[in-house]
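Here's the structure we're looking at; comments come further down.
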Amino acid sequence: MIETALIAAPDRADNAVFGRPLLERLMINCERVGIKRFVIAAPRDRYSDVARAMGRFKNLDTVSMVESFSEILNQHNAQELGIDLSSPCVSFSGNLVFAKSQLARILDAHASDPQSIHRSASTDHDRGGEIATGAIGEILKRGGISTTVPASAASLLPFALNGRPEDREEAELRLAKSIREESAHKDAPMARWVDRRISWRISYWLASHTRATPNMVTVANTIFGLATALMFSVPNYWMRLFAAIFFLISITIDGVDGELARLKMVESDFGGALDVITDNIVHAAVFIGLLVGCYRIEHSRAYLYLIPILLGGFTMCAYATWRAFKIKGARAAEWLDKVDRWSGRDFAYLLVVLALINRLEYFAWGTAFGTYVFALVLIWITGRTESSMKPEGEEV
């Protein structure tokens with residue numbers, strides 16, 4: 001596993017990309033893929049400027065600065081820095097801009113052949129940057145950190161800022177587009193084919209032209225979602241149709257807060273929890289509003305009885321999910337990701353279709369009892385798994 005990064009201090013280390021210095025972005029992405037140690041080479045007269053561009057990393061003990069990487073080849077200097085020349089590293093040169101997913105793929109390629117040195121040039125016109133992996137000593141002996149290699153397989157990133165006025169805009173645009181790739185493995189079909197094509201553009205505009213924060217987007221979309229819930233309760237065909245369309249828009253915008261957080265690199269546990277809680281509140285409100293609307297149209301008390309049944313189903317799903325994570329942890333996350341990939345937020349499209357044909361009551365009944373089916377299946381699956389883990393002969 002690679003835990004060390006060698007970084008040739010970028011000439012434009014302090015250039016802001018979505019409001020964060022280029023060098024700090026690079027180091028954050030490294031940290032997120034498991035890099036724990038940084039060695040940065042810069043002329044001594046640039047030390048203070050480079051340190052400022054590191055952001056929150058500048059005072060960490062895990063960051064060292066040298067005037068030249070050739071210093072590391074001296075065994076004594078390497079020992080002082082706590083570096084083993086035979087250990088693997090990832091090296092960076094040029095004013096690189098990249099997403100975490102691109103760096104993760106490069107490290108995966110190294111893991112498949114750890115004895116070799118892998119070099120990848122950036123995909124900008126000038127091939128102005130390079131990422132390499134391999135043993136520290138071997139990388140430095142074999143020409144050091146350079147950019148004189150052919151480009152790797154074509155991809156949107158990494159990209160290097162080369163001094164053109166349009167470079168930063170191009171880099172930010174590429175980062176925003178990369179969001180679709182990063183979420184493709186967990187998005188449901190319509191979310192992947194339609195929602196993300198819209199949401200990344202909204203996220204890009206917000207990140208580039210406003211001071212909006214992800215939590216602002218979450219709160220604003222929650223208010224919008226609650227308004228659609230109120231519209232569903234109105235016994236009018238057109239009002240309920242527009243409610244379904246607006247809810248679909250709300251579902252699309254729901255991905256923006258997470259995308260914006262990743263672009264600005266301001267993800268937080270609080271923001272993630274706020275997103276999950278508000279999503280559940282909006283979904284419950286929409287389903288309740290839909291049931292109230294069905295009651296006001298058909299005047300059947302059955303729809304009022306469905307409200308506590310539906311809330312009970314939500315509670316049971318929450319318990320089944322908590323139980324699955326408690327028993328199987330990461331494996332439970334894989335199961336639920338697969339369910340999400342084939343359903344997820346795509347039910348909003350079904351709502352629009354049912355609203356068009358004026359049959360929203362089908363969704364009301366299906367949701368009220370479908371939650372119990374999902375919860376019971378999940379409890380049964382995790383129950384079988386738990387039983388199979390008990391030692392032979394132990395009472396189950």
Rounded to the nearest 0.5 Å, how far does OG1 of Thr367 lie from CG of Leu290?
7.5 Å
Applying ring pair (Phe, Tyr, Trp, His ring centres under 6.0 Å) to Tyr237 and not counting sequence neighbours gives none
OH-CD1 distance between Tyr372 and Ile379, expressed to the nearest 0.5 angstrom:
11.5 Å
Considering only residues two or more places apart or on different chains, which pairs with a residue in residues 257-276 satisfy ring-ring contact (aromatic ring centres under 6.0 Å, His included)?
none
If you round to the nearest 0.5 Å, how far is CD1 of Ile309 from CG of Leu306?
5.0 Å
For Asp126, is there an ion pair with Arg164 - N to carboxylate O distance below 4.0 angstrom?
yes
Between Val63 and Met27, is any pair of side-chain heavy atoms under 4.5 Å apart?
yes
Please, which pairs that meet side-chain hydrogen bond (donor to acceptor under 3.5 Å, both in side chains) have at least one residue in residues 204-219, sequence neighbours excluded?
Thr218-Asp257
Can you establish whether the number of heavy atoms outside Gln115 located under 6.0 Å from its atom CD is more than 12?
no
Which value, rounded to the nearest 0.5 Å, describes the distance between Phe247 atom CZ and Phe232 atom CZ?
7.0 Å
With no hydrogens and no angle check, is any side-chain donor or acceptor of Asp14 less than 3.5 Å from a backbone partner on Ala53?
no
If you define the side chain from C-beta out and look only at heavy atoms, does anything of Ile7 sit under 4.5 Å from Ser91?
no
For residues Asp113 and Ser116, determine if any side-chain heavy atom of one lies less than 4.5 Å from a side-chain heavy atom of the other.
yes
Begin with the C-alpha distance, continue with both residues' side-chain angles, and end with the deciding distance and a verdict on salt bridge (charged side-chain N to carboxylate O under 4.0 Å, His left out) for Glu259 and Arg196.
CA-CA 10 Å; Glu259 293 171 354; Arg196 291 294 181 185; 2.6 Å; yes
Only one of Met265, Arg12, Lys264, Glu172 passes side chain to side chain contact (heavy atoms under 4.5 Å, CB included) with Val17, and that residue is Glu172
Is any side-chain N of the basic residue among Asp108 and Arg105 closer than 4.0 Å to the acidic one's carboxylate O?
no
Identify, with sequence neighbours excluded, every residue that meets salt bridge (charged side-chain N to carboxylate O under 4.0 Å, His left out) alongside Glu80.
none
With a 4.0 Å cut-off on N to O distance, would you call Arg32 and Glu267 a salt bridge?
yes
Rounding to 0.5 Å, atoms CD (Glu130) and OG (Ser93) come to a distance of 5.0 Å
Could you walk me through whether Ser203 and Arg262 pass the side chain to side chain donor-acceptor pair (under 3.5 Å) test, one step at a time?
CA-CA 10 Å; Ser203 304; Arg262 293 200 295 278; over 6 Å; no
Taking the side chain as every heavy atom from C-beta outward, state whether Ile83 and Val39 have any pair of such atoms under 4.5 Å apart.
yes
Do Leu22 and Leu161 have side chains that get closer than 4.5 Å, going by heavy atoms?
yes
With sequence neighbours left out, the residues meeting side chain to side chain contact (heavy atoms under 4.5 Å, CB included) with Phe246 are Phe224, Thr228, Met231, Phe242, Ile249
Partners meeting side chain to side chain donor-acceptor pair (under 3.5 Å) with Glu169 (sequence neighbours left out):
none
Mind checking side chain to side chain donor-acceptor pair (under 3.5 Å) for Asn358 and listing every partner two or more places apart, or none if nothing turns up?
none
So with a 6.0 Å cut-off around CZ of Arg301, is the heavy-atom count from everything else above 12?
no
Please check if the side chain of Ser233 supplies one atom and the backbone of Gly289 the other of a donor-acceptor pair under 3.5 Å.
no
Would you say Asp269 has more than 12 foreign heavy atoms packed within less than 6.0 Å of its CG?
no
Check whether Arg197 reaches the backbone of Trp193 with its side chain - one donor and one acceptor, N or O, closer than 3.5 Å.
yes
Could you check whether any side-chain heavy atom of His118 comes within less than 4.5 Å of a side-chain heavy atom of His110, counting everything from C-beta outward?
yes
Would you list the pairs meeting side-chain hydrogen bond (donor to acceptor under 3.5 Å, both in side chains) in which at least one residue belongs to residues 287-299, sequence neighbours left out?
Glu298-Tyr303
Taking ring pair (Phe, Tyr, Trp, His ring centres under 6.0 Å) as the definition, give me every residue that meets it alongside Phe98, ordered by chain and number, with sequence neighbours left out.
Phe92
Using the salt bridge (charged side-chain N to carboxylate O under 4.0 Å, His left out) criterion, which residues pair with Lys36? Sequence neighbours excluded.
Glu3
Distance in Å, Leu354 CG paired with Tyr362 OH, rounded so as to fall on 0.5 Å steps:
8.5 Å
Is there a path from Ile198 to Leu260 through hydrophobic residues (I, L, V, M, F, W, Y) whose side chains come within less than 4.5 Å of each other?
yes
Evaluation steps, side-chain contact (heavy atoms from CB on, under 4.5 Å), between Ile253 and Ser199:
CA-CA 6 Å; Ile253 296 174; Ser199 66; over 6 Å; no
All pairs passing side-chain hydrogen bond (donor to acceptor under 3.5 Å, both in side chains) where residues 276-290 contributes a residue, at least two apart:
none
Report the C-alpha separation of Leu81 and Val66 in whole Å, then their side-chain angles, then the decisive distance to 0.1 Å, and conclude whether the side-chain contact (heavy atoms from CB on, under 4.5 Å) test is met.
CA-CA 10 Å; Leu81 292 170; Val66 297; 3.9 Å; yes
Without swapping roles, check the side chain of Asp167 against the backbone of Gly163 for a donor-acceptor pair under 3.5 Å.
yes
Which residues satisfy the ring pair (Phe, Tyr, Trp, His ring centres under 6.0 Å) test with Phe57, sequence neighbours excluded?
Phe38
Can you tell me if CZ on Arg168 sees more than 12 non-hydrogen neighbours from other groups inside 6.0 Å?
no
